[in-house]
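Notes follow once the structure below has been shown.
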Amino acid sequence: MSITIRNLSSVYNPGTPFEVRALDNINLSIGEGEFVGLIGPTGSGKSTLVQHFNGLIRPSQGEVVVDGRSLTDKATDLREVRQRVGLVFQYPEHQLFEETVFADVAFGPKNQGVPEAELKERVNEALTLVGLDPSAICDRSPFELSGGQMRRVAIAGILAMRPKVLVLDEPTAGLDPQGRDELLDQLQQLHSRAGMTVILVSHSMEDIARVATRLVVLHRGQIVADGSPRQVFTQAKMLMDVGLGVPQVTELMLALREKGYPVPEVALTVEEACAIILGLHRGGEGQ
Ligand code: ADP
Ligand code: MG
């Protein structure tokens, strides 16, 4: 399961005074099992790009190829593509509408023609994957739940279709720090345990640095960096220039380095930074 994007440009309202070139000649290939963080400031084209991954938006130029099949090819079954590339929109809980959690999570697979007898298994599996207890939550109304729970139910609705690739557009937006941490942990588990390919859209470096194995940085519709978090964060100045910055711990390490301390160029987590700083301190005591 791979997604390849070639020379993709996307223009809204072409030929009108409202024309916007949202994506400008994007080339990108995402392989099976990757955890890609797609990051960029507001308006950089993130949401436009992810809607090309399953054919919701058609390219103005270029093409999107999923598993060897071009989405612009008339013979490609877009329904099937949308089942395999599950897209969780921003604020997906706004799309909950059924009376019970069960009915909401079962909605997608039911539409796909999954037999009634199998729906329960699908729903249980999907709710468990997002850390909810099916027996406690299935019969409740989604509207009685907390914001974080509603969002997880909405994500479960996509997982119930058993996608190979899970794309989430700003899934932590508006969650409190605990809800955010729990959701990021669950996404990490979906990747590491369930082997899912995950594409996580965010404008928060702190979120992405924790979970992604690869970062793709968008700015004004173009890819300006693509690599491991470590590789991308060494370009701190460029990231700041495009209005993104680096995680606070990374910034601290860069500042220490500028002052002449022998720290590595990049630290991604607070734990890593602590170990390095304690190491410096011990080194100092020994002198
Ligand atoms: P992001 O998700 O990174 O904030 P978007 O993909 O939403 O970026 O937007 C990229 C650009 O396209 C922005 O300039 C935005 O105003 C414009 N845009 C997005 N959606 C539409 C639309 N439906 N109609 C016209 N312009 C749009
Ligand atoms: Mg967006």
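Hydrogens, waters and symmetry mates play no part in the numbers below; they use all other heavy atoms, side chains included. In listed order, ligands and their atoms are each counted from 1. Positions are given from 1 along the sequence. Quick caveat, the model's predicted, so the values are computed rather than measured.
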Is [X] salt-bridged to [Y], cutoff N-O under 4.0 Å?
| X | Y | value |
| --- | --- | --- |
| Asp169 | Lys46 | no |
| Asp73 | Arg69 | no |
| Arg84 | Glu32 | no |
| Arg210 | Asp181 | yes |
| Glu121 | Arg162 | yes |

Residues 18-26 side chain polar contacts: donor-acceptor under 3.5 Å, at least two apart:
{"residue": "Glu19", "atom": "OE1", "partner": "Gly15", "partner atom": "N", "Å": "2.7"}
{"residue": "Arg21", "atom": "NH1", "partner": "Ser9", "partner atom": "OG", "Å": "3.4"}
{"residue": "Asp24", "atom": "OD2", "partner": "Gln222", "partner atom": "NE2", "Å": "3.0"}

* Under a 4.0 Å heavy-atom cut-off, what residues line ligand 1? ->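 Only Tyr12, Asn13, Val20, Ala22, Pro41, Thr42, Gly43, Ser44, Gly45, Lys46, Ser47, Thr48 have heavy atoms that fall under 4.0 Å of ligand 1, ordered by chain and number.
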
* Cut-off under 2.8 Å, centre the Mg ion (ligand 2), protein N/O/S atoms ->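 The answer, once waters are left aside, is Ser47 OG.
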
* More than 12 heavy atoms of other residues, nucleotides or ligands under 6.0 Å from CD of Glu118: is that the case? ->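 For Glu118, atom CD is crowded (more than 12 foreign heavy atoms under 6.0 Å).
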
* Asked: Does atom CG of Asp241 have more than 12 heavy-atom neighbours, drawn from other residues, nucleotides or ligands, at distances under 6.0 Å?
  ->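 Yes - once you tally the heavy atoms of other residues, nucleotides and ligands closer than 6.0 Å, there are more than 12.
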
For residues 94-113, which side-chain donor-acceptor pairs fall under 3.5 Å, sequence neighbours excluded?
{"residue": "Thr100", "atom": "OG1", "partner": "Ala103", "partner atom": "N", "Å": "3.0"}
{"residue": "Asp104", "atom": "OD2", "partner": "Phe97", "partner atom": "N", "Å": "3.1"}
{"residue": "Asp104", "atom": "OD2", "partner": "Glu98", "partner atom": "N", "Å": "3.0"}

